[in-house]
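Notes to accompany the following structure.
Remember, it's a predicted structure, so these values are computed and weren't measured experimentally. Each chain gets a letter, A, B and so on, in the order its sequence line appears, and its residues count up from 1.
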Amino acid sequence: MKPVRVRFAPSPTGALHIGGVRTALYNYLLARKHNGTMILRIEDTDQNRYVPGAEEYIINTLNWVGIQIDEGVGKGGPHAPYRQSERKSIYKQYAQQLVDEGNAYYAFDTEQDLETMRERLKAAGDANQQYGSGSRMQMNNSLTLKKEEVDNKLAAGDAYVIRLKVPANQEVRLTDLIRGEVVVNSSQIDDKVLMKSDGMPTYHLANVVDDYLMKISHVIRGEEWLPSAPLHVLLYQFLSWQNEMPQFAHLPLLLKPDGNGKLSKRDADRMGFPIFPLNWTDPATQELATGFKESGFLPEALINFLAFLGWNPGTEKEIFSMTELVEAFSIERIGKAGAKFDIQKSQWFNQHYLRAKPDKELADYLLASLTSEGISCSNEKAEKICFALRERITFPHDLWEQGKIFFSAPTTFDEQIVSKKWNLDAVRTLSGFIDAIKTTQPHSADSIKSSLEKVTGELGIKTGQILQALRMSLTGGASGPDLMLTMEILGAVETVNRIKYALDNLKAKGS
RNA sequence: GGUCCGUUCGUCUAGGGGUUAGGACACCAGAUUUUCAUUCUGGUAACACGGGUUCGAUUCCCGUACGGACUACCA
């Protein structure tokens, strides 16, 4: 068996889409699984769509999620360069070979010519209006022009493209590792442009040439490429590379969470979740799109989630580290149907991985938020807060949102709790509790609890009855981390102050 | 329109000629937590439709419907 060599080959036209990350992941998993090579190739053959910073973004993303590149852009390797714009002459040479052998031809048609052709075919009732065996002889190309005319045009520097001469009515078949055998009649394939008039190759040529030269063993890419795969097979045949042709695996698409269709940035914006792995500022509009990272997703959670969108190990285990994914991965277990992007499931993964972190690491997140809020806090206290909050969080920023109660006293109180729970019993208990706290030693959750129970015991009140009033007096709200622990973290003085404040300000309603 | 691909709970999916069609997320309920959350237990919920093949089809075959991708000198 050939060594496994796979490539992730994005084009630098903007931020990397989350679906692209999954494609990269599957490539990577296969490479690692078979001790193969993961290659990063940048497909920047469209100069008009080139976006500055996109390439760097791709590399940063791969780094962040933990997909290591063995060979390619940013890394180098035996098949350099790995940026297609730097390989122009290579493609040109193969395009020339195709022309010389009669499998491709020069075409000089203007956009207007193409337009006219399509209209003509449409009027004639042709099902598809393509530049191909049925129409190429009516066009302006080296098949219809005299040789010297062609030579003159070429010599004069007239704009031209090179098109593949697709044979008529021939069955082209390929075996897709995910979908099985796919057969297409060549008449359905048009004479695709191989070299553009700017001297750059199109995807089709560049991709086939590079995959061959870089000895790619498996082409794992999105399903949107399936319709053009037969064209690529044809190219391998014309170049006499059919024995070196990689195996194909066309991945099911990532679909929008509601309705149907490919997941797009629009959907993500509309439904309020990220679609890009990292923050991305569109250089043209300066518009910022928030990334998964900045939204608080952990890379291991994103990877685990993405891996399961279209693949599963066939067992009931769902939590997989990258190492475990490598171990379990196989192309055979990739599904055929598109997968809707389930943001809730992604959050569940995130919550899982976040909770698995030790308090100390959680505290780093909280400390970062505190610093940016200009609040100072000891590591010890931050860790305690994280301990109290750890079962309640999905994202790191929840630590700050739910933990801010430890740093600022409430000035308003939950209306519902006030009307339902702020009664005479509560006021009496809290009044007594203030004094009890002052003498409670040590100021720990356990002894605070005993003190509180002592007070309620003496008053003949059930502790549970006044707990919500107590919480509200401390935090203003109706829910939060363990109350006794909250008071321990707050400290005796702050606890007393807060209860006092509530007592003073809510007295009227209470009595 | 044409070509290709697809279709199991709301979602991600397992399964596969005879199963109580399994799991997870979400949702609901109960238990525990003298609050909330967590946790635990339980529950609702699916084989798109029509024909074959077969003793038997959700599973195999063919259609239909629906959905999607592609149909550029974009990738």
Side-chain angles (χ1 to χ4, degrees), chain A residues 9-13 43-46 48-49 84 107 109-111 114 122 125-131 159-163 176 178-180 182-185 187-190 192-204 206-207 221-230 250 252-253 255 257-262 305 308-319 333 335-349 355 388-393 402 417 421 449 452-453 456 462-472 475 477-484:
Chain A
S11 50
T13 53
E43 312 223 322
D44 56 348
T45 53
D46 187 347
N48 300 318
R49 294 213 307 158
Q84 291 186 326
D109 313 277
T110 63
E111 218 163 295
L114 297 174
K122 200 170 184 179
D126 270 26
N128 42 354
Q129 302 88 43
Q130 61 187 17
Y131 200 125
Y160 68 90
V161 298
I162 294 178
R163 284 181 183 272
D176 184 276
I178 295 172
R179 282 149 224 287
V182 178
V183 186
V184 176
N185 190 292
S187 302
Q188 297 299 329
I189 305 169
D190 59 358
K192 283 272 184 267
V193 170
L194 264 21
M195 292 295 283
K196 300 185 271 191
S197 55
D198 65 359
M200 279 289 191
T202 56
Y203 170 84
H204 306 293
N207 155 270
R221 76 232 300 188
E223 191 185 342
E224 65 268 30
W225 292 110
L226 193 52
S228 56
H250 290 93
L253 261 16
L255 272 19
D258 62 336
N260 290 294
K262 210 165 150 181
F305 167 66
F308 273 71
L309 239 35
W311 171 88
N312 79 86
T315 65
E316 289 184 353
K317 182 174 150 79
E318 286 199 278
I319 299 297
R333 294 207 63 88
K336 301 173 205 269
K340 289 187 184 174
F341 194 84
D342 183 356
I343 194 70
Q344 281 182 313
K345 190 75 180 255
S346 75
Q347 290 171 351
W348 176 78
F349 276 110
R355 281 183 191 177
L389 254 24
R390 61 177 312 123
E391 299 300 330
R392 319 175 61 87
I393 53 170
Q402 294 185 39
I417 305 295
K421 304 284 184 178
K449 190 176 178 191
L452 178 63
E453 279 166 354
T456 51
K462 277 192 173 170
T463 310
Q465 296 298 308
I466 54 86
L467 239 29
Q468 287 212 279
L470 174 57
R471 176 185 295 286
M472 185 200 66
T475 68
S479 70
D482 184 86
L483 247 191
M484 305 306 148

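The residue among A:R49 and A:W348 whose nearest nucleotide of RNA chain B lies closer to the 5′ end is A:W348. Heavy-atom distances to RNA chain B give each of A:T202 and A:Q188 a nearest nucleotide, and the one nearer the 5′ end belongs to A:Q188.
When distances run from any side-chain atom of A:E318 to the nucleotides B:C5, B:A24, B:A75, the shortest one goes to B:A24.
For A:F305 and A:W348, the distance between ring centers is not under 6.0 angstrom.
OP1 or OP2 of B:A72 has not a single side-chain nitrogen or oxygen of A:K196 nearer than 4.0 Å.
Note on A:S11: only backbone sugar-phosphate atoms sit closer than 4.0 angstrom, heavy atoms only; bases stay farther off. Within the nucleic acid shown, A:Y203 comes within 4.0 Å of at least one base atom, counting heavy atoms only. At the heavy-atom level, A:R333 lies under 4.0 Å from the strands shown only through sugar-phosphate atoms. Here A:S228 lies out of heavy-atom contact (under 4.0 Å) with every strand. Across all strands, A:D46 comes closer than 4.0 Å only to sugar-phosphate atoms, never to a base (heavy-atom distances). Within 4.0 Å of A:R390, counting heavy atoms only, lies no atom of the nucleic acid at all. Looking at heavy-atom distances under 4.0 Å, A:K262 makes contact with sugar-phosphate atoms alone, never a base. Residue contacts for A:D109: at a heavy-atom cut-off of 4.0 Å it reaches a base atom on one of the strands shown. At a threshold of 4.0 angstrom between heavy atoms, the contacts of A:K462 with the nucleic acid are absent. Backbone-only engagement by A:V193 is indicated by non-hydrogen atom pairs under 4.0 Å involving sugar-phosphate atoms exclusively. Among the protein residues, A:L226 comes within range of the sugar-phosphate backbone only, with heavy atoms under 4.0 Å from sugar or phosphate atoms but none that close to a base. Contact annotation for A:G310: backbone-only contact, meaning every heavy-atom pair under 4.0 Å involves sugar-phosphate atoms and none involves a base.
Distance noted for atom C1' between B:U39 and B:A48: 39 Å (whole Å). B:A21 and B:A46: their P atoms are spaced 11 Å apart (whole Å). Rounded to a whole angstrom, the distance from the C1' atom of B:U8 to that of B:A24 is 15 Å. Comparing the same atom, C1', in B:C47 and in B:U58 gives a spacing of 4 Å after rounding to whole Å.
Atom CG of A:N207 is separated from atom P of B:C74 by 15 Å (rounded to the nearest Å). Between A:K340 atom NZ and B:C9 atom P the separation is 10 Å, expressed in whole Å. In this structure, A:E453 atom CD and B:U34 atom C1' are separated by 8 Å, rounded to whole Å.
Of the N and O atoms on the side chains of A:D109 and A:Y131, at least one donor lies less than 3.5 Å from an acceptor on the other residue.
The base-pairing partner of B:A69, taking Watson-Crick or G-U wobble contacts with both distances under 3.5 Å, is B:U3. Figure legend. B:C25 is base-paired to B:G10; pairs are counted as Watson-Crick or G-U wobble with both atom distances under 3.5 Å. For B:U39, the paired base is B:A31 (Watson-Crick or G-U wobble, both distances below 3.5 Å). Pairing partner, B:U20: none, since no Watson-Crick or wobble contact has both distances short of 3.5 Å. B:U64: Watson-Crick or G-U partner is B:A48, with both key distances under 3.5 Å.
No hydrogens or angles were tested; on distance alone, a donor-acceptor pair under 3.5 Å links the side chain of A:R392 to the base of B:C36.
When every heavy atom of A:L226 is checked against every heavy atom of A:R179, the shortest pair comes out as CD2-CD, 3.5 Å. For A:A478 against A:Q468, the heavy-atom pair with the smallest separation is O-NE2, 3.6 Å. Between A:P12 and A:D44, the shortest heavy-atom distance links the atoms CG-CB, 3.6 Å.
Remark: A:E318 engages A:K345 in a salt bridge, criterion side-chain N to carboxylate O under 4.0 Å.
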